[in-house]
Amino acid sequence: MSTDAERIIEIYERHADAWVDARLREGSLYERGWLDRFCALVPPGGSVLDIGCGAGEPIARYVSERGYAVTGVDSSPAMIAKFRACLSGQQALVSDMRALSLGRLFHGILAWDSFFHLNHEDQRRMFPIFRAHAAPRASLMFTSGPAHGEVIGCLEGEPLYHASLNAAEYAGLLDGEGFDVVSTLAEDRTCGGRTVWLARLR
């Protein structure tokens with residue numbers, strides 16, 4: 001299934017319009033509760049790095065409307081074009097998260113519904129990248145699966161790869177980079193069954 005992981009960028013590039021249309025049709029920000037908890041850990045007017053930002057709807061828009069400076073990063077040029085159209089006052093960059101090196105620190109880092117498209121080894125390698133972009137006491141929030149494994153979903157009829165480590169390994173990787181787990185919940189029913197991790201740099 002690792003080959004499927006390498007196709008993620010091209011799949012989102014081909015189906016950017018369909019993905020955005022489907023997300024907006026849902027009409028509800030089911031992430032709101034977790035986003036509010038994340039934002040509560042970011043100082044007013046602080047900076048947020050949204051890794052795998054997609055089109056900026058609805059998450060980056062919500063964070064921006066809370067008064068934060070958002071920098072969106074996504075591997076798909078089509079998604080970044082939509083982000084820029086949606087949030088013209090915020091910065092957006094085309095970049096593969098696995099090679100991210102912005103030379104800047106952020107008060108908050110998000111990897112919502114993006115990081116879990118990486119294979120197991122690439123996920124492990126992301127934790128030093130999170131740390132390299134984290135300002136003192138920065139918050140970090142990402143979604144994962146509930147247990148170690150790989151799952152293939154579907155986007156417009158194409159296989160969409162997801163992977164997860166187990167909870168103990170995520171906790172260890174966070175601790176190894178100096179992050180304390182603030183809250184985590186497996187398969188949160190209020191959030192579409194996502195497993196969510198919220199951490200903060202010591």
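The chain is numbered in sequence order, starting from 1. Here the structure is a predicted model, which means the values were calculated and not measured.
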Tell me, please, which residues at least two apart from L105 pass side chain to side chain contact (heavy atoms under 4.5 Å, CB included). A135

Keeping H133 on the side-chain end and F106 on the backbone end, is there a donor-acceptor pair under 3.5 Å? no

Where at least one partner belongs to residues 170-195, residue pairs that pass ring pair (Phe, Tyr, Trp, His ring centres under 6.0 Å), sequence neighbours excluded: F142-Y170, Y170-W197

Sequence neighbours excluded, the answer for side chain to side chain contact (heavy atoms under 4.5 Å, CB included) partners of T190 is D188

R202: side chain to side chain contact (heavy atoms under 4.5 Å, CB included) partners, not counting sequence neighbours: D175, D180

Side chain proximity check, F38 to L198, heavy atoms < 4.5 angstrom: yes

Contact check, side chains of D36 and R32, non-hydrogen atoms, under 4.5 Å: yes

Starting from L110, can I reach L87 by hopping between I/L/V/M/F/W/Y residues whose side chains sit under 4.5 Å apart? yes

Within the structure provided, determine whether Q91 and L93 are in side-chain contact (heavy-atom separation under 4.5 Å). yes

Which residues satisfy the ring pair (Phe, Tyr, Trp, His ring centres under 6.0 Å) test with H162, sequence neighbours excluded? F116, H117

Could you name each residue pair satisfying salt bridge (Lys or Arg N to Asp or Glu O under 4.0 Å) that touches residues 68-97, not counting sequence neighbours? D17-K82, D96-R98

Can you find a heavy atom in the side chain of W112 that is under 4.5 Å from one in the side chain of E31? yes

Once rounded to the nearest 0.5 Å, what's the spacing between atom CZ of R200 and atom CG of L41? 5.0 Å

Taking the side chain as every heavy atom from C-beta outward, state whether V73 and I80 have any atom pair closer than 4.5 Å. no

Heavy-atom pair of closest approach, residues Y12 and M79: CD2-CE, 3.8 Å

Is it the case that the side chain of Q90 and the backbone of V70 share a donor-acceptor pair, with hydrogens and angles ignored and the cut-off at 3.5 Å? yes

side-chain contact (heavy atoms from CB on, under 4.5 Å) between M126 and L118, intermediate numbers included: CA-CA 9 Å; M126 280 301 301; L118 302 180; 3.5 Å; yes

Carefully, step by step, assess R137 and L201 under the rule side-chain contact (heavy atoms from CB on, under 4.5 Å). CA-CA 5 Å; R137 302 293 290 159; L201 190 64; 5.7 Å; no

Which pairs would a plain distance check flag for residues 43-58, meaning a side-chain donor or acceptor within less than 3.5 Å of a matching protein atom at least two apart in sequence or in another chain?
from: S47; atom 1: OG; to: H107; atom 2: N; distance (Å): 3.3
from: S47; atom 1: OG; to: H107; atom 2: ND1; distance (Å): 3.2
from: E57; atom 1: OE1; to: R61; atom 2: NE; distance (Å): 3.4
from: E57; atom 1: OE2; to: R61; atom 2: NE; distance (Å): 2.7
from: E57; atom 1: OE2; to: R61; atom 2: NH2; distance (Å): 3.2

Consider only side-chain heavy atoms of I, L, V, M, F, W and Y, link residues closer than 4.5 Å, and tell whether F130 and L100 are in one cluster. yes

Does anything in residues 153-169 pair up under salt bridge (Lys or Arg N to Asp or Glu O under 4.0 Å), and if so which pairs, sequence neighbours excluded? R14-E158, R124-E169

Does V42 reach the side chain of V63, with side-chain heavy atoms less than 4.5 Å apart? no

Applying side chain to side chain contact (heavy atoms under 4.5 Å, CB included) to P77 and not counting sequence neighbours gives E13, V94

Given the rule in the side-chain contact (heavy atoms from CB on, under 4.5 Å) test, do S75 and M97 qualify, once you have shown the distances and angles that lead to the verdict? CA-CA 7 Å; S75 299; M97 70 175 76; 5.9 Å; no

Check the pair L35 / L29 against side-chain contact (heavy atoms from CB on, under 4.5 Å), numbers first and verdict last. CA-CA 10 Å; L35 289 173; L29 184 65; 4.3 Å; yes

Quick one: ring pair (Phe, Tyr, Trp, His ring centres under 6.0 Å) pairs with a partner in residues 58-81, sequence neighbours left out? none

Close side-chain approach of F83 and S76, heavy atoms under 4.5 Å: no

Taking the side chain as C-beta and beyond, is there a heavy-atom pair between H148 and S164 under 4.5 Å? no

Donor-acceptor pair, side chain of T195 and main chain of A186, under 3.5 angstrom: no

By side-chain hydrogen bond (donor to acceptor under 3.5 Å, both in side chains), which residues pair with S95, not counting sequence neighbours? none

Can you list the residues that meet the salt bridge (charged side-chain N to carboxylate O under 4.0 Å, His left out) rule with D113, with sequence neighbours excluded? R194

Spell out, yes or no, whether L173 and I109 are grouped together once hydrophobic residues are joined by side-chain heavy atoms under 4.5 Å, including indirect joins. yes

Heavy atoms of R125 and D122 approach each other most closely as NH1-OD1, 2.9 Å

For the side chain of T184 and the backbone of V196, is there at least one donor-acceptor N/O pair under 3.5 Å apart? yes

Hey, quick one: are F115 and V181 part of the same hydrophobic cluster, counting side-chain heavy atoms closer than 4.5 Å, chains of contacts allowed? yes

CD1 (I8) and OG (S114) are apart, to the nearest 0.5 Å, by 11.0 Å

